[in-house]
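Here is the structure we will look at.
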Amino acid sequence: EDSGLDEYAANEGLNLSRIGENRAHLDDGYCLLDYYDDPDFDPDGQWSPVDPAITNITFNGAKRDQWRYAKSELQQIEASCIRLFGTQNPTKHDVAKYFFGPSSPLFILFRNRLGMNHKEFLDFMSTNNTLAEGQSASQLYDTDFPNDLTGLMEKLEYTAWWRKISVEGVPDSSTTSVTFQKLFWEEVEETINKLLRALFIEGRSGRIINLIDDDKFHHESRPSNNKQFNVKMIKLVRDNRWGMVQDTNCAPSLLFAVNILTHRRKSKQIDNTKMQLFGSAYGDDPARAPNLSFLHMHMDRGYSFEKQHQEVLAPAQMGITCTTARSSNVPFNYGQTPKHGDKRIYLAEGGISSLRMMKKNCHGRLIVSGAFKTGTAVVLYNSTEHRTMQMDFVTTTEHLGELWHNDRQQLRERGFAMEESIATGIAEKKHIHQKYMRLFFELPIIQVTVCSNHREWHLARRTSFTSKQTYSQIAILRKRFVDLDNEDVRRVMEFMYK
């Protein structure tokens with residue numbers, strides 16, 4: 001960690017020309033220093049097989065469950081808006097006023113710390129929003145191809161504010177404990193999270209589902225004295241760039257962040273999780289685990305290690321479903337050569353789609369680990385919620401089947417944003433699944449999955465095993481069926497779960 005910081009701590013001036021470029025890389029890579037800061041703890045408990053019988057078979061059950069939860073989430077957030085905005089019919093204008101209005105704590109912070117007036121604040125935020133949509137500062141202020149800057153800041157004014165922000169709160173030789181102020185960016189993050197907490201967390205009731213993702217945003221950053229900013233500088237593997245990263249906690253129906261956390265210097269991932277969940281989103285003390293038994297948290301593999309379960313997830317009693325790395329504390333592995341004494345079950349990545357599950361009592365609660373073979377790869381997951389074999393079909397009429405072939409945009413508008421499964425690509429049809437494809441194509445189905453990053457894809461995490469595979473299998477049927485005795489249904493089950 002420190003060697004990486006020292007390596008990058010070149011004495012450069014503040015570079016504002018690339019604001020907006022390479023600022024957010026979603027899902028495509030991970031950071032070198034996050035997953036393996038510490039050796040994992042010894043695993044707790046012993047794995048044993050889960051009953052392989054399918055315990056529940058439903059039709060359109062997952063979709064009904066998803067939208068039932070979505071409706072509840074939206075109703076509760078609407079009630080929060082009514083309470084906070086003081087109106088029975090909240091609009092986008094009320095939301096903008098809440099975050100950016102003249103009485104907003106965020107504007108008051110900019111006014112008190114930087115001396116901004118309200119118009120300057122709005123122009124500054126509008127400019128940031130324009131750049132966040134993918135345009136770089138160099139492109140926005142290109143003199144050869146000028147852009148309409150109505151409602152935005154001119155270049156000199158914009159860069160002047162950023163230079164002021166870059167030194168606000170940074171201690172110097174004259175700073176004492178009496179005159180010390182928080183770094184400006186830390187106070188901005190704290191203020192935003194308080195606004196989000198009041199809107200999306202406080203006042204909610206019943207079962208709550210959130211999506212938390214470490215290193216969700218990677219911001220390329222080149223400050224000259226980055227150690228003074230208390231920001232952890234990480235090199236992202238995918239694009240070989242240095243910068244700071246943020247973890248996000250989101251509400252699945254709105255796809256809106258309910259909490260953000262920027263990695264601090266010398267912090268470990270487990271420290272970040274405690275700070276975000278215990279000290280910001282759901283509590284006020286990162287050292288004290290609140291009771292989060294009402295919460296089902298969907299996570300990626302950065303949260304899957306034994307130490308996270310022992311120190312964060314289990315003490316807070318939250319339900320979790322997360323993908324997991326190929327570590328020693330899970331019962332499955334793939335794509336590697338077994339080492340001496342390795343008791344994990346090794347799975348081939350090719351072949352028919354299937355699901356293997358093992359269970360154990362871990363830190364006082366039952367947890368299931370699964371290995372889902374997609375046909376070309378293996379996805380590993382852990383869950384305290386999904387602990388039995390289940391199957392759900394999305395049934396449709398012949399008309400919707402026709403839309404799949406002829407007008408997929410209309411199908412999307414009806415709430416079915418789907419694409420053909422990766423397990424049925426051309427290469428797999430010819431090679432990996434050659435033995436089974438004739439039987440499969442005799443059935444009146446097409447194997448599909450929900451499009452990645454679409455709203456339904458996120459909502460489907462409510463009943464899915466992983467973030468990448470929305471349901472265990474989804475089928476659009478060319479011919480309608482009504483009961484489990486139907487011959488087509490029986491053959492599908494035999495094919496997929498032989």
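As the structure is a prediction and not an experimental result, all values here were calculated from the model. For this chain, numbers begin at 1 and follow the sequence in order.
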Residue pair C250, L255: steps toward the side chain to side chain contact (heavy atoms under 4.5 Å, CB included) verdict: CA-CA 6 Å; C250 297; L255 302 187; over 6 Å; no
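- Side-chain contact between T130 and L140: present, with at least one pair of heavy atoms (C-beta onward) separated by less than 4.5 Å.
- The only member of I320, D300, L277 that meets side-chain contact (heavy atoms from CB on, under 4.5 Å) when paired with I212 is L277.
- When side chains are defined from C-beta on, W47 does not count as touching V368, because their heavy atoms never get closer than 4.5 Å.
- Side-chain contact between L195 and L199: absent, with no pair of heavy atoms (C-beta onward) separated by less than 4.5 Å.
- Looking at heavy atoms from C-beta onward, E311 lies in side-chain contact with K274 at the 4.5 angstrom threshold.
- The residue from N193, N210, L196 that alone fulfils the side-chain contact (heavy atoms from CB on, under 4.5 Å) condition with N249 is N210.
- Residues E306 and C362 meet the side-chain proximity criterion, which asks for heavy atoms closer than 4.5 Å.
- Between the side chains of N128 and Y158, at least one donor N or O lies within less than 3.5 Å of an accepting N or O.
- Partners of F256 under the ring pair (Phe, Tyr, Trp, His ring centres under 6.0 Å) rule, at least two apart in sequence or in another chain, are F200.
- Using a 4.5 Å heavy-atom threshold, the side chains of I367 and R365 count as separate.
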Go through the steps to decide whether Q269 and D247 satisfy the test side chain to side chain contact (heavy atoms under 4.5 Å, CB included), and finish with yes or no. CA-CA 10 Å; Q269 184 58 54; D247 300 346; 3.3 Å; yes
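- Nearest heavy atom pair, residue G319 against residue E385, reads CA-OE2, 3.3 Å.
- Heavy atoms of other residues, nucleotides or ligands lying less than 6.0 angstrom from NZ of K164 number more than 12.
- Using a distance-only test at 3.5 Å, with no hydrogens or angles considered, a donor-acceptor pair links the side chain of R197 to the main chain of S280.
- A donor-acceptor pair shorter than 3.5 Å can be found between the side chains of N382 and S369.
- No donor-acceptor pair under 3.5 Å is formed between the side chain of Y334 and the backbone N or O of A371.
- Across L295 and M297, no two heavy atoms sit closer than the pair CD2-CE, 3.4 Å.
- Comment: R68 engages D65 in a salt bridge, judged by a side-chain N to carboxylate O separation of less than 4.0 angstrom.
- Residues I270 and F305 have side chains not in contact (no heavy-atom distance under 4.5 Å, counting atoms from C-beta outward).
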Please evaluate residues F124 and L114 with respect to the criterion side chain to side chain contact (heavy atoms under 4.5 Å, CB included), reporting the C-alpha separation (whole Å), side-chain torsions for both, the decisive distance (0.1 Å), and the verdict. CA-CA 12 Å; F124 182 73; L114 302 177; over 6 Å; no
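- Under the 3.5 Å distance criterion, the side-chain polar atoms of S126 are left unmatched by any main-chain donor or acceptor of D123.
- In terms of heavy atoms, P90 sits closest to F85 at CB-CD1, 3.8 Å.
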Which is it for K182 and E190 under the side chain to side chain contact (heavy atoms under 4.5 Å, CB included) test, yes or no, and what are the steps along the way? CA-CA 11 Å; K182 274 187 179 181; E190 181 181 311; 2.2 Å; yes
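- More than 12 heavy-atom neighbours from other residues, nucleotides or ligands sit within 6.0 angstrom of CE on M116.
- Heavy atoms only, all atoms of each residue included: T91 and D94 are closest at N-OD2, 2.9 Å.
- By the ring pair (Phe, Tyr, Trp, His ring centres under 6.0 Å) test, F121 pairs with F107, F110, sequence neighbours left out.
- The main-chain N or O of F184 is never found under 3.5 Å from a side-chain atom of E168 such that the two would form a donor-acceptor pair.
- Remark: R344 engages D342 in a salt bridge (charged side-chain N to carboxylate O under 4.0 Å, His left out) (not counting sequence neighbours).
- T262 and M244 make their closest contact through CG2-SD, 4.2 Å (heavy atoms, listed as atom of the first residue, atom of the second, distance).
- For Y303 (side chain) and D214 (main-chain N/O), a donor-acceptor pair under 3.5 Å exists by modelled atom type.
- Between M389 and L355 the shortest heavy-atom distance is CE-O, 3.5 Å.
- The existence of a salt bridge linking R83 and E202 is excluded, since no basic side-chain nitrogen approaches an acidic carboxylate oxygen closer than 4.0 Å.
- With Q310 contributing its side chain and H363 its backbone, the two residues share no donor-acceptor pair below 3.5 Å.
- Here the side chains of W161 and E120 are in contact, with some heavy-atom distance below 4.5 Å.
- Geometrically, R288 does not engage F278 in a cation-pi contact defined by less than 6.0 Å to the ring centre and at most 45° from the axis.
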